[in-house]
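Only this structure's heavy atoms are used, side chains among them; waters, hydrogens and symmetry mates stay out.
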Amino acid sequence: MNFTDLPYLIIGVISGIASGLFGIGGGMIIVPSMFMFGASAHEAIGISVLQMIFAAVFGSYINYKKKNLNLKDGIMIGLGGLLGASFSGMLLRALSDVALTSIFLAVSCVFFLKYAFNLKESITKNQRNIWIKNIILFIAGAFTGIFAISLGIGGGLLIAPILAYFLGYDSKKVVSLSLFFVIFASVSGIISFANSGVIDSQIIHKGILVGVASMVGVFIGIKIIEKMQLKAHKKILLCVYALSILGTTHSLLNKLGLIN
């Protein structure tokens, strides 16, 4: 380890805090940050997905110990993510750097608007029987896994509105389930990336650096969320979206040659 590794450690801690607070893999921070370091979309996404494994496993362990995680629901949604993410390597190999960056920006904008305009829960979980609930969880995991891992964002930010809307889960329950989901999706994604030739030794080195540092951040993030009011939670999440959108927009404009 040397001085040049320091930025990756700092980004790891920050992304870990975001993981603990919002149930995300950290990609909304890591991917734009890697873009600003001059990484390609494929490199940024590979580093992000490696980091997710560290953050998601550690964060889910803490949530389970604190009884904040419903393992039955988590396993069902995780199995869906495992299936969906297994196709992510093919999608990543098929799309160009500019196309991937554009998709990431579009996804960020859509979910920024969903949170900014206060998406409401329409159906409570009491209106769903156990089989329908499990089907929704599995489909939500599969749908999110196939797209989210290809974008290096883990899926937490994509899956949260689905769980809130269709099953009426509150924000803290969504956070723990989203983070648990990231375990399945990221492991499957890494296997798919490796089979597609996306992962190399440099990406592994940087991904491990960011991932280990993110474990510190996850611990801090979970401590913070225990004491945070829901309104404050939403405002910070919107700030995360906004920063990610700004960073990705700058990177896309640079790759299109519109700015230096």
Side-chain angles (χ1 to χ4, degrees), residues 8-31 34 44-86 88-89 137-138 140-142 144-145 148-160 163 172-194 198-199 203-226:
Y8 296 97
L9 296 175
I10 294 172
I11 291 169
V13 173
I14 295 171
S15 65
I17 292 173
S19 297
L21 276 172
F22 308 117
I24 62 177
M28 294 293 284
I29 294 171
I30 294 170
V31 172
M34 294 302 108
I45 291 168
I47 291 168
S48 177
V49 175
L50 273 168
Q51 175 272 339
M52 290 174 199
I53 297 175
F54 290 85
V57 170
F58 185 63
S60 295
Y61 171 75
I62 294 175
N63 281 326
Y64 178 73
K65 295 293 286 185
K66 291 179 176 292
K67 303 187 185 299
N68 294 329
L69 173 63
N70 184 321
L71 269 182
K72 290 182 179 179
D73 287 357
I75 289 173
M76 186 57 63
I77 201 170
L79 290 174
L82 197 66
L83 176 65
S86 65
S88 60
L137 289 168
F138 185 86
T144 304
I149 293 300
S150 298
L151 300 175
I153 58 177
L157 292 177
L158 296 179
I159 210 163
L163 297 182
K172 289 192 176 182
K173 189 171 186 178
V174 164
V175 165
S176 61
L177 284 174
S178 297
L179 194 58
F180 187 73
F181 161 82
V182 172
I183 298 175
F184 292 80
S186 58
V187 169
S188 182
I190 283 295
I191 294 171
S192 182
F193 287 2
V198 174
I199 301 293
I203 289 175
I204 292 172
H205 171 73
K206 293 176 180 177
I208 291 175
L209 280 176
V210 177
V212 171
S214 73
M215 295 170 68
V216 177
V218 166
F219 180 81
I220 296 170
I222 291 175
K223 286 291 185 181
I224 293 172
I225 197 175
E226 290 176 345

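- S60 places no side-chain N or O within donor-acceptor distance of the main-chain N or O of V57, the cut-off being under 3.5 Å.
- Between A18 and I29 the shortest heavy-atom distance is CB-CD1, 3.5 Å.
- Nearest heavy atom pair, residue I62 against residue F219, reads CD1-CD1, 3.9 Å.
- F54 is linked by a ring pair (Phe, Tyr, Trp, His ring centres under 6.0 Å) to nothing, counting only residues two or more places apart in sequence or in another chain.
- S48 contributes no side-chain N or O that, together with a main-chain N or O of I45, makes up a donor-acceptor pair within less than 3.5 Å.
- Between D73 and L137 there is a side-chain heavy-atom pair separated by less than 4.5 Å.
- Rounded to the nearest 0.5 angstrom, S214 OG and L9 CG are separated by 10.5 Å.
- With rounding to the nearest 0.5 Å, the separation of CD1 in I77 from OG in S178 is 6.5 Å.
- Using a 4.5 Å heavy-atom threshold, the side chains of V175 and L21 count as separate.
- A 4.5 Å side-chain heavy-atom check between F180 and L71 finds at least one atom pair inside the cut-off.
- Rounding to the nearest 0.5 Å gives a distance of 9.5 Å between CG of N70 and CD1 of I75.
- When the side chain to side chain contact (heavy atoms under 4.5 Å, CB included) test is applied to Y61, the partners found at least two apart in sequence or on another chain are K65.
- When side chains are defined from C-beta on, I17 does not count as touching V218, because their heavy atoms never get closer than 4.5 Å.
- The line from CG of L177 to CG of L69 is 6.0 Å long, rounded to the nearest 0.5 Å.
- With rounding to the nearest 0.5 Å, the separation of CG in L82 from CD1 in I191 is 7.5 Å.
- Here the side chains of Q51 and S19 are in contact, with some heavy-atom distance below 4.5 Å.
- For S15 (side chain) and I30 (main-chain N/O), no donor-acceptor pair under 3.5 Å exists by modelled atom type.
- Scanning both residues, F138 and L79, for their nearest heavy atoms gives CE1-C, 3.7 Å.
- In this structure, L50 and I208 have side chains that are not in contact, with every pair of non-hydrogen atoms separated by 4.5 Å or more.
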### Task
List the steps and the verdict of side chain to side chain contact (heavy atoms under 4.5 Å, CB included) for I11 and M34.
CA-CA 9 Å; I11 291 169; M34 294 302 108; 3.8 Å; yes

